[in-house]
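Accompanying notes for the structure given below.
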Amino acid sequence: MQFDMENQMDKAEGKLTPWDMLSGSLMKDLFGLNKWDVDSQNTILKQIIEAQKGNYPEPIKINPKMLYGTESEVAGMRTCLTLAGLPINDHMFTWQFGTCFYHKDIALACSLDGTYDLGNQVIAIRTDPENNVYTPQNETIYLDGKGVIEHKTTGINFDSKEICPEMYEIQAKCNLEVMASNDPSYKWYAVSVVHGNDPYIYLFERDKFFCIELEKKVNDFYRRVADEDWYT
């Protein structure tokens with residue numbers, strides 16, 4: 001029997017957010033961190049201007065590689081959370097979301113790979129190179145409440161695997177702001193990365209001042225959309 005990939009389109013494509021709105025996956029472009037597009041800010045500016053006029057990109061056609069990537073995200077996140085010493089159970093670790101989420105105050109949406117709920121526990125996380133667990137500047141951080149997890153599977157080699165690539169971190173960092181704007185118990189974020197078959201996890205506490213920078217960037221972006229004012 002042939003597998004019906006059409007019914008898996010939404011999940012594999014991962015496009016739950018509106019085409020005419022900034023999303024977490026576009027944050028690497030808004031912050032100029034897309035290593036493959038030196039003019040990424042204008043690329044998304046054009047995309048959203050066109051989307052607001054009703055001109056959308058061609059639908060993504062599902063293929064086996066994309067479907068596998070979507071399914072393997074869960075295994076990757078589970079492995080990386082285990083390496084960090086975070087228990088895996090259905091109450092704490094959630095990975096199934098059928099909708100996107102919206103920031104309470106600014107026009108920003110996100111879809112999520114995973115969330116993790118520590119409840120009232122406080123867990124100290126330290127850099128552990130033997131298990132590929134890393135924190136900023138290798139300092140001890142303290143996690144409590146809820147966190148968001150962004151997962152990436154890649155064959156790209158980075159300068160140092162001890163440091164989370166900025167273009168991955170910014171997506172998780174902004175996704176956290178979306179969730180925290182609606183629920184203040186969201187206090188941390190993690191990026192899990194599988195390089196080939198080698199899993200890594202990077203953990204971060206929320207930067208309470210980042211919301212100010214994010215709001216300025218998002219509001220300036222939509223002003224540019226309205227005025228068709230291109231970035232220089």
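Linking Ile, Leu, Val, Met, Phe, Trp and Tyr residues whenever their side-chain heavy atoms come within less than 4.5 Å places M179 and Y189 in a single cluster. Two different hydrophobic clusters hold I88 and V148 under the rule that ILVMFWY side chains link at heavy-atom gaps under 4.5 Å.
Rounding to the nearest 0.5 Å places NZ of K161 at 10.0 Å from OH of Y134. The CG atom of L81 lies 4.5 Å from the CD1 atom of I201; values are rounded to the nearest 0.5 Å. The structure places CG of L22 at 12.0 Å from NE2 of H103, a figure rounded to the nearest 0.5 Å. The distance from atom CD of Q47 to atom CG of D29, rounded to the nearest 0.5 Å, is 8.0 Å. Here the CG-OG1 distance, from D198 to T79, works out to 11.5 Å after rounding to the nearest 0.5 Å. A distance of 8.5 Å separates CD1 of I141 from CH2 of W188, quoted to the nearest 0.5 Å.
E215 and K217 are not joined by a salt bridge, as no carboxylate oxygen comes within less than 4.0 angstrom of a charged side-chain nitrogen. Using a cutoff of 4.0 Å between basic side-chain nitrogens and carboxylate oxygens, E150 and K173 are not scored as salt-bridged. Electrostatic pairing of D220 and K216 does not count as a salt bridge here, judged by no charged N lying under 4.0 Å from a carboxylate O.
Residues N120 and D144 have side chains that never bring a donor and an acceptor to within less than 3.5 angstrom of each other. With no hydrogens or angles considered, a side-chain donor-acceptor pair links D37 and T43 at under 3.5 Å. Side-chain atoms of S40 and N34 include no donor-acceptor pair closer than 3.5 Å. Using modelled atom types, one finds no donor on one side chain facing an acceptor on the other under 3.5 Å when comparing S111 with T17.
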Checklist entry - What do the steps show when you test E71 against K65 for salt bridge (Lys or Arg N to Asp or Glu O under 4.0 Å), and what is the final call? => result CA-CA 10 Å; E71 296 296 326; K65 184 176 181 179; over 6 Å; no

Checklist entry - Yes or no on salt bridge (Lys or Arg N to Asp or Glu O under 4.0 Å) for E73 and K152, after CA distance, side-chain angles and deciding distance? => result CA-CA 7 Å; E73 281 183 353; K152 304 294 182 184; over 6 Å; no

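Test D117, T115, D183 against K146 for side-chain hydrogen bond (donor to acceptor under 3.5 Å, both in side chains) and you get one pass: D183.
Using a 4.5 Å heavy-atom threshold, the side chains of L214 and L108 count as touching.
Under a cut-off of 6.0 angstrom, the local environment of CG in N197 is sparse, with at most 12 non-hydrogen atoms contributed by other residues, nucleotides or ligands. Atom OH of Y68 is surrounded by 12 or fewer heavy atoms from other residues, nucleotides or ligands within 6.0 Å. Residue-environment remark: CD (E50) exceeds the threshold of 12 foreign heavy atoms within 6.0 Å.
Taking the six-membered ring for Trp and thresholds of 30 and 60 degrees, H195 and Y200 have ring planes more than 60 degrees apart, a perpendicular arrangement.
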